[in-house]
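For reference, the structure is listed below as C-alpha cells.
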Amino acid sequence: MSGWRGELQLEGRRALLLGLGSRQGGLGVARYLVEQGARVRVTDQRAEHELRESLAALRDLPIEYTLGRHEDADIRWADVIVRNPAVPRESEWLLLARDLDKPIEMEMTLFFRACQGAIAGVTGTKGKTTVTTLLAAMLRQGRPHAVLAGNMGVSALSQLNAISRGTPVAIELSSFQLEGLDERRMSPPVAVLTNLSPDHLDRYPSFGEYARTKAAIFAHQRPNDWAIVEDGALPESIEGTIAGRRATFGTRRSPDAGHALWVENGRFCGRWDGAPVDLGPAAGLRVPGEHSRLNALAAAAAALAMGATAGDIQRAIAGFGGVPHRLERVAMIAGVEYVNDTAATAPAAAIAALRAFAGREIVAIAGGSEKKLSLEPLAGALVASASAVVLLEGGATPALERLLRERGHRSIAGPFGSMEAAVARASELARPGALVLLSPGTASFGMFRDEFHRGEAFRAAVGALERACAT
C-alpha cells in the first residue's frame, strides 16, 4: 500500500483535465492542479452554456479551456491527463493518450497519493453512500476529525488540508473511480464491498466485467489489510482474489468466524478477534429494510477494523437518520407519505426499497433512461408491491410499461415528461395511509442531469404540493 504514497509532482507540468462535469469532483481536480503549480487546461464535450455554473466557480483561476469538443492537440500538449469518471476508459482520447505514453490519473488516484490518513474505501452496487456516511459517524464518535469523502457533493481533494497522518477517512468509491485506482495498483487498507448485482451494463460488456471492476477495491491489498464482504455473497471469481484479512457481515449467524457480524435476537452482534461483540438493538436503526441493517453491519465491521469501539458504533447507529436521496422521507401530506429514493438507479435497488416498505400501500414512481439491465425483476416487484405505478419518460420506460401490462398490473399512469406531473398524478392515486415512493430503478439522464437532480425535482414537486394543500 505504502508504495504509492506521496503527491504527484505537478509543479510546472502541463495538466489536462479531460471532462469537467457539473459536480464538485471536476471542480476540485481543477483547483488542486492549479494549487500544485501545474499549467491547467480543461476540455469537455459540452458547450460553454451547458457548463455555466462550473465555469463560474473556476473563473478566478488561470485555466485554459477547449469546450464543445475534445482535440488531439490537447492530448499531445499534456504532460499528464486527469480523466473525469464519466469518460469511459475505452474513449478514443484515452486510447490516444496511452498510445502516446501519457500518464493518466483520476481524482481518486491523486487523492490516494496525497492522503496521509487511514483510508477505508466503500464500494458496491447499492448502499455505498449509506455505509460510508454511517462509517464516518461511527469513527467520529471517538475521533471527531474523521473525514467523509467521495461522491458526497464535496471534492475529496479539497479536504486534504483537514487530513493529517492517521486521520481516519471514509471514502465512497464508484466502479468508474476504481478503474483508475486499479490501473495505478491502489487499494485502500480497509475495503468494503456492500453487495453486487447487475448495473452499468451500458458501460461494461458483462456483469462479470462489472464485478471484476468492483473487486479491484481488494486487488492490491496487503495481508494485514482488511477486506469486508457480505457472508456467502461473493462470486467465485472474486473469492480467490482477496489477500487481506477477511471480515464478514450478513443475516446468518457465523459463530466460527474470527471477524463476523450479524443480527440475532433483535440485536446487532457477532464475533471480533474471536470474542463476542454486542453492537446494540437492531431497532435502534431508524432507516427501514433488511438492506439497511446489512448496511449498518458493513459500516460497523469497517469501524471495528479501524479501531472504533462497540459503544461508538451503538451511539452512531442510534443517531443515524439516513442520507439524502436514499429512502429519504420528504413530507406527509393529507395522510400520504412521500419518500425520495432517487439513488435507486438499478432494479435491485428499487426492489430493496419496495421490500423495505412491505405491508404499506405504495404508489411507485419509476422508469427513466436505459442502462441495458433486465427490468423483469423490477416489473415483478412492482406488480407484487405497488397499488399503482406512475412512469417517468425515458429510454427504459417503454419496456418497463410493457412488462407491467404483460403481468396484469391494472393501475399504470404516464409516462410523464415532468416530475411535477408525475407527483401530481401519484398524489391523486394515493389514499390516506399510503406511500408515494420515488424509486425509479433506472438512470435519470434525458429528463434530468443526474439522479440527484431527479431527487431535487421530486422534493420541489412535493414541496409545491404541500404548499398548495396548505392554502
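Residue numbers start at 1 and run along the sequence shown.
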Do any side-chain atoms of residues 191-198 form donor-acceptor pairs under 3.5 angstrom with protein atoms, and if so which ones, sequence neighbours left out?
residue, atom, partner, partner atom, Å
Thr194, OG1, Thr123, O, 3.3
Thr194, OG1, Lys126, O, 2.7
Asn195, OD1, Thr125, N, 3.4
Asn195, OD1, Lys126, N, 3.0
Asn195, ND2, Lys126, O, 2.9

Report, one line per pair, each donor and acceptor closer than 3.5 Å where one atom sits in a side chain of residues 376-394; sequence neighbours left out.
residue, atom, partner, partner atom, Å
Ser385, OG, Ala381, O, 3.2
Ser387, OG, Ile362, O, 3.2

Residues 289-301, side-chain donor-acceptor partners within the protein, below 3.5 Å, at least two apart:
residue, atom, partner, partner atom, Å
Ser292, OG, Pro288, O, 2.6
Asn295, ND2, His291, O, 3.4

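In this structure Pro168 satisfies the side-chain contact (heavy atoms from CB on, under 4.5 Å) test together with Leu139, Arg143, Ala146, Met306, sequence neighbours excluded. Qualifying ring pair (Phe, Tyr, Trp, His ring centres under 6.0 Å) partners for Phe416, counting only residues two or more places apart in sequence or in other chains: none. Evaluation of the side-chain contact (heavy atoms from CB on, under 4.5 Å) rule for Ala396 yields Glu370, Leu375, Thr442 as partners, not counting sequence neighbours.
Here the closest non-hydrogen pair linking Ala120 and Leu135 is CB-CD2, 3.8 Å. In terms of heavy atoms, Leu173 sits closest to Lys214 at O-NZ, 4.2 Å.
The cationic atom of Arg286 (NZ for Lys, CZ for Arg) does not lie both less than 6.0 Å from the six-membered ring centre of Phe320 and within 45° of the ring axis.
Annotation: the span from Thr471 atom OG1 to Glu466 atom CD amounts to 11.5 Å, rounded to 0.5 Å.
Proximity of the aromatic rings of Trp272 and Trp262 is defined here by a centroid distance below 6.0 angstrom, and this criterion is not met.
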Step by step, would you call Met108 with Ile171 a side-chain contact (heavy atoms from CB on, under 4.5 Å)?
-> CA-CA 10 Å; Met108 283 303 149; Ile171 189 161; 3.4 Å; yes
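Between Glu337 and Arg360 there is a salt bridge, since at least one side-chain N of the basic residue sits less than 4.0 Å from a carboxylate O of the acidic one.
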